[in-house]
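Below: the structure, in structure tokens.
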2 protein chains.
Amino acid sequence: MLDFAILGLVMERARHGYELKRALGELGFWKVSFGSLYPALRRLEKRGAIEATGGTGRRKAYRITDSGRDIFATLMSTDPDASETERAFQIRLAFLGHLPTDRRVQVLEGRRAKLSTHLRSAREIFIDARSNTENQDRYRLALMEHAMATTESDIAWIDGLVATERRVASAN
Amino acid sequence: MLDFAILGLVMERARHGYELKRALGELGFWKVSFGSLYPALRRLEKRGAIEATGGTGRRKAYRITDSGRDIFATLMSTDPDASETERAFQIRLAFLGHLPTDRRVQVLEGRRAKLSTHLRSAREIFIDARSNTENQDRYRLALMEHAMATTESDIAWIDGLVATERRVASAN
DNA sequence: ACCGCTATGTATCGATTCGATATATACTGT
DNA sequence: ACAGTATATATCGAATCGATACATAGCGGT
């Protein structure tokens, strides 16, 4: 998924490693490490998806190739797998503008469904734990409750995004 | 940190691998994989922190040793490092009941401070991105805003935990 | 009684990612 | 002129993931 993110960013304009790290970190949910980033750049270079351009001084700027553009387009238009990570979804969101409106809504609804299911099972587990004498630890119950609240807020957020998407679509 | 979590759970009572995976998953923030779990059990066994007991049928229950209890107590009473992960903090929280009240508040306040700092820098980055013509992507701005809102909610949650802690403390 | 499905359980493999560290240059304030 | 900080590339070992293999238990349906 890091490869996906790198392709997406490099596609907009040539970027060097440090810049990619900063750009990813500034999205707010992932501080990628150099130990992940540089090997990923090698991988992509070896696959012919990106290529190094001279760059200024010690910098090594990478630009996307036609093959890389294809790879990105394929990844973007492939439906997210059910097992997709929170992070994978967020990266996908960061580039969701590359999809047409109806596909965007699909991606969002898919994520919403997954969160809903997860929330339901979390609630069951919580009810269960609370009524179990052994599991009465205050902090553990608090963790569960907070996790549920966060999931609810994520769902509401996605609903907002979907609503905006539909509003924009019907305005055209 | 997985080792820490395993020790904490096994300390309460002997548990086998699958049970540990379930117990960790039920806290709601981490679905640990078998590929992490079983090697971790080996590690801990080799260090003499846990030992396998017969267990029923195909199960291999692990119980904590005295040495393991020491290791857990040391980890628990060591102040969290500044670079500690979200997940590390959550695991710490799950066992926070093992610390005296004042130390609990310390841990919580420390986390709060870190989140506050993070939030401040996120806000700066957001303001910056919004005023930058290049970074106007709707979804990317939405991601940043949501990340900030989540952090704010985490801070409020921690404040609640601290308040409860103080209330309980002063009631004694 | 038999079949298939799902849950339970242990285990390992390769790939990914992390966290720490090394190294070096550019810029900034005093 | 100098120190300190930001920028930048790179690599190492360890932790973790995700997929897969394998096997038994238990349960519902026919």
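All values below were derived from every heavy atom in this structure, side-chain atoms included, with hydrogens, water molecules and symmetry-related copies excluded. First the proteins, then the strands, lettered A, B, ... as listed; each starts at 1.
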- Taking for each residue the nucleotide of DNA chain C bearing the nearest heavy atom, is the 5' side occupied by Tyr38(B) or by Trp30(A)? Tyr38(B)
- Pairwise 5' ranking along DNA chain C for Arg22(B) and Thr85(B), keeping only the more 5' one: Arg22(B)
- Which of these nucleotides, dA8(D), dT17(C), dT12(C), is closest to any side-chain atom of Ser36(A)?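 From the listed options, dT17(C) comes nearest.
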- Of the nucleotides dA15(D), dT12(C), dT10(C), which one has an atom closest to the side chain of Pro39(B)? dT12(C)
- Between the two end axes of the helix from dA1(C)-dT30(D) to dT30(C)-dA1(D), each built from 5 base pairs, what angle do you get to the nearest 10°? 40°
- Applying side-chain contact (heavy atoms from CB on, under 4.5 Å), run through Arg15(A) and Ile6(A) and close with a yes or a no. CA-CA 9 Å; Arg15(A) 285 175 147 108; Ile6(A) 291 173; over 6 Å; no
Could you work out, with side chain to side chain contact (heavy atoms under 4.5 Å, CB included) as the rule, every residue matching [X], not counting sequence neighbours?
| X | value |
| --- | --- |
| Asp102(A) | Pro100(A) |
| Thr117(B) | Arg120(B) |
| Lys21(B) | Val32(B), Phe34(B), Leu37(B) |

- Item | Nucleotide dT17(C), atom P - distance to CE of Met1(A) in whole Å | 10 Å
- Measure the distance from CG on Leu44(A) to P on dT17(C) and round it to the nearest whole Å. 11 Å
Give a yes/no answer on whether the side chain of [X] brings an N or O atom under 4.0 Å of OP1 or OP2 in [N].
| X | N | value |
| --- | --- | --- |
| Arg87(A) | dT16(C) | no |
| Arg42(A) | dA10(D) | yes |
| Lys60(B) | dA11(C) | yes |

Look at [X] together with [Y] and state whether they make a salt bridge at an N to O cut-off of under 4.0 Å.
| X | Y | value |
| --- | --- | --- |
| Arg130(A) | Glu145(A) | no |
| Glu19(B) | Lys60(B) | no |
| Asp79(B) | Arg103(B) | yes |

- Atom pair CE/NE2 of Met76(B) and His98(B) - distance to nearest 0.5 Å: 7.5 Å
- Query: In chain order, what residues pass the ring pair (Phe, Tyr, Trp, His ring centres under 6.0 Å) check against His16(B), with sequence neighbours excluded?
  - Reply: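 Ring pair (Phe, Tyr, Trp, His ring centres under 6.0 Å) check on His16(B) returns nothing, list empty.
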- Task: By nearest nucleotide on DNA chain D, pick out whichever of Asp3(B) and His16(A) is the more 5' one.
- Result: His16(A)
Heteroatom pairs (N/O) under 3.5 angstrom, protein to nucleotides 20-25 of chain C:
none

